[in-house]
Amino acid sequence: MPSLSEAYRAHPVHINHKHPDFNSLQELPESYTWTNLDDHTINSNNIMKDSSSNSSVPIIDLSDPNASKLIGHACKTWGVYQVVNHGIPLSLLDDIQWVGQTLFSLPSHQKLKAIRSPDGVTGYGLARISSFFPKLMWSEGFTIVGSPLDHFRQLWPQDYAKYCDIVLQYDETMKKLAEKLMLLMLDSLGITKEDIKWASSKAQFEKACAAMQLNSYPICPDPDRAMGLAPHTDSTFLTILSQSDISGLQVQREGFGWVTVPPLHGGLVVNVGDLFHILSNGLYPSVLHRVLVNRIRQRFSVAYLYGPPSNVEICPHAKLVGPTQPPLYRSVTWNEYLGTKAKHFNKALSSVRLCALINGLFDVNDSNKSSVQVG
């Protein structure tokens, strides 16, 4: 996927810190100590503990005839939902979790053989968003775009093939689910596949871009002062996350604060990304999310990041724009937006915004105003 790689090469991330061996750390280093986790929010700094239905991330059965309508409501009110009966075999979900666990259990010197370069997109390393925060995150990751063969040969010289096979099978299966979810989300907005020029034929739809991210959140000696993954939105259309059976993921909902997304056996978390927020003309929020850690068990997850062909222009869809509803965002390619995200991080959406709704009226060309916030 050269275009996505070009975007990363143009905006290298230099993290001046060597990769730690988390297992050897008995105390939380100062470089990983976050003084107040809730200083790093955008809307609210209270943690939601209410478990009522209004404060629980929606769970949607994809076999439900009303799945599209339910997804639309979840996207509009939450920007995130969980899906069941999604067609992904539980055995495959277990297999990909096993790949992640096996990879992150390797000795540090072995993992570093597949280290991601500052201007690279694939390989082992710290979170790319690390450069936007003064403190480091208690996590490690491995990014895969296309075939993992070269990296896996470095990690497992003797038996890399079995790991590659699982990753490629997961990628192929997850792509089909992502396409299905994309169509359901579009349908919930009254948009058909034929209304999306790049997706109007099967051949074009095949050109959608995707990346896979394996994540590890090791046992932490002081989890109340550490951050697994700092608050951020994804640049994607949508992200599909397979969680292990350990809690840690939280999403922010306006008026509620941080809400934990509990692991659901066999379930998958789907969140709206920045590009779908743009396509929906702001109707579906790009959800701010973070990951906390714990002192008892290591947590693993696998994120499937799904977006359009990297050079296709994405803008508010014509069906969602009119005299009383002007476009809120300018056109942008995923390639260009990744560059914008690399520069502006969580203010990237603001930087491509054309106008905002203020007291029921549209304020045009306010993209440079500091009051405009993400999603």
Side-chain angles (χ1 to χ4, degrees), residues 3-4 6-7 10-11 41-43 72 75-80 129 132 182 185-200 208-209 231-239 252-255 271-289 305-375:
S3 296
L4 289 185
E6 285 168 10
H11 302 279
T41 68
I42 286 182
N43 298 317
C75 288
K76 191 170 186 177
T77 56
W78 281 89
V80 63
I129 65 174
F132 292 97
M182 182 73 184
M185 288 166 66
L186 288 170
D187 182 66
S188 71
L189 290 167
I191 299 170
T192 66
K193 184 178 180 181
E194 287 66 38
D195 292 327
I196 305 294
K197 290 182 180 179
W198 65 268
S200 59
C209 291
H232 67 285
T233 62
D234 293 337
S235 67
T236 56
F237 271 151
L238 59 92
T239 300
Q252 193 173 77
R253 189 183 184 197
E254 189 171 354
N271 66 268
V272 177
D274 293 350
L275 290 185
F276 204 95
H277 175 80
I278 291 172
L279 186 150
S280 73
N281 204 25
L283 288 173
Y284 291 174
S286 181
V287 69
L288 193 72
H289 53 287
L305 307 151
Y306 181 80
S310 58
N311 293 312
V312 167
E313 296 277 345
I314 302 300
C315 62
H317 195 272
K319 285 191 172 182
L320 306 176
V321 173
T324 60
Q325 191 71 38
L328 300 184
Y329 298 93
R330 67 174 178 84
S331 296
V332 64
T333 65
W334 196 9
N335 195 27
E336 178 192 353
Y337 189 72
L338 283 171
T340 302
K341 194 90 171 183
K343 287 181 182 177
H344 303 291
F345 188 44
N346 279 342
K347 293 183 179 178
L349 274 176
S350 300
S351 72
V352 297
R353 188 153 189 160
L354 297 173
C355 63
L357 188 61
I358 301 175
N359 297 325
L361 301 173
F362 285 100
D363 182 19
V364 182
N365 296 325
D366 74 336
S367 60
N368 295 321
K369 294 185 180 180
S370 60
S371 60
V372 179
Q373 294 183 324
V374 175

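In what follows, every heavy atom counts, from backbone to side chain, and hydrogens, waters and symmetry copies are set aside.
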By side-chain hydrogen bond (donor to acceptor under 3.5 Å, both in side chains), S331 pairs with (sequence neighbours left out) none
Which of L275, N335, T236, L279 passes side chain to side chain contact (heavy atoms under 4.5 Å, CB included) with P308? It is L275
The salt bridge (Lys or Arg N to Asp or Glu O under 4.0 Å) partners of K76 (sequence neighbours excluded) come to none
Taken in chain and number order and not counting sequence neighbours, the residues that satisfy ring pair (Phe, Tyr, Trp, His ring centres under 6.0 Å) with H317 are none
Closest heavy-atom pair, G307 versus A208, reported as atoms and distance to 0.1 Å, is O-CB, 3.5 Å
Interatomic distance, OH@Y329 vs CD1@I314, rounded to 0.5 Å, equals 14.5 Å
| request: Could you label the plane-to-plane angle of the F345 and F132 rings as parallel, tilted or perpendicular, counting under 30° as parallel and over 60° as perpendicular? | output: parallel
CG (L238) and CE (M182) are apart, to the nearest 0.5 Å, by 7.0 Å
The test is side chain to side chain donor-acceptor pair (under 3.5 Å); show your working for D274 and S286 and say whether it passes. CA-CA 5 Å; D274 293 350; S286 181; 2.5 Å; yes
- Query: Relative to each other, are the rings of F237 and F276 parallel, tilted or perpendicular (30° and 60° limits)?
  - Reply: perpendicular
Pair I278, V352 - check side chain to side chain contact (heavy atoms under 4.5 Å, CB included), show working. CA-CA 9 Å; I278 291 172; V352 297; 4.2 Å; yes
Residues passing the side-chain hydrogen bond (donor to acceptor under 3.5 Å, both in side chains) test with T333, sequence neighbours excluded, are none
- Stepwise, does the side chain to side chain contact (heavy atoms under 4.5 Å, CB included) test hold for T239 with V272? CA-CA 7 Å; T239 300; V272 177; over 6 Å; no
Subject >> Under 3.5 Å donor-acceptor, D234 side chain and H289 backbone >> reply: no
Check: Would a distance-only check, ignoring hydrogens and angles, find a side-chain to backbone donor-acceptor pair under 3.5 Å from N281 to L328?
Finding: yes
Interatomic distance, CG@L320 vs OH@Y284, rounded to 0.5 Å, equals 8.5 Å
For side chain to side chain contact (heavy atoms under 4.5 Å, CB included), just list the numbers for K193 and L186, CA-CA rounded to whole Å, side-chain angles, deciding distance to a tenth of an Å, and then say yes or no.
CA-CA 8 Å; K193 184 178 180 181; L186 288 170; 5.9 Å; no
- Query: Step by step, would you call H344 with S350 a side chain to side chain contact (heavy atoms under 4.5 Å, CB included)?
  - Reply: CA-CA 9 Å; H344 303 291; S350 300; over 6 Å; no
Does the pair R330/E313 count as a salt bridge with the N-to-O cut at 4.0 Å? no
**Item:** Donor-acceptor contact present, side-chain K341 to main-chain T233, <3.5 Å
**Value:** yes
Taken to the nearest 0.5 Å, the spacing of C209 SG from L305 CG works out to 11.5 Å
Residue set satisfying side-chain hydrogen bond (donor to acceptor under 3.5 Å, both in side chains) with S280, at least two apart, ordered chain then number -> none
Closest heavy-atom pair, K319 versus D195, reported as atoms and distance to 0.1 Å, is NZ-OD2, 2.8 Å
**Item:** Contact check, side chains of R253 and V80, non-hydrogen atoms, under 4.5 Å
**Value:** no
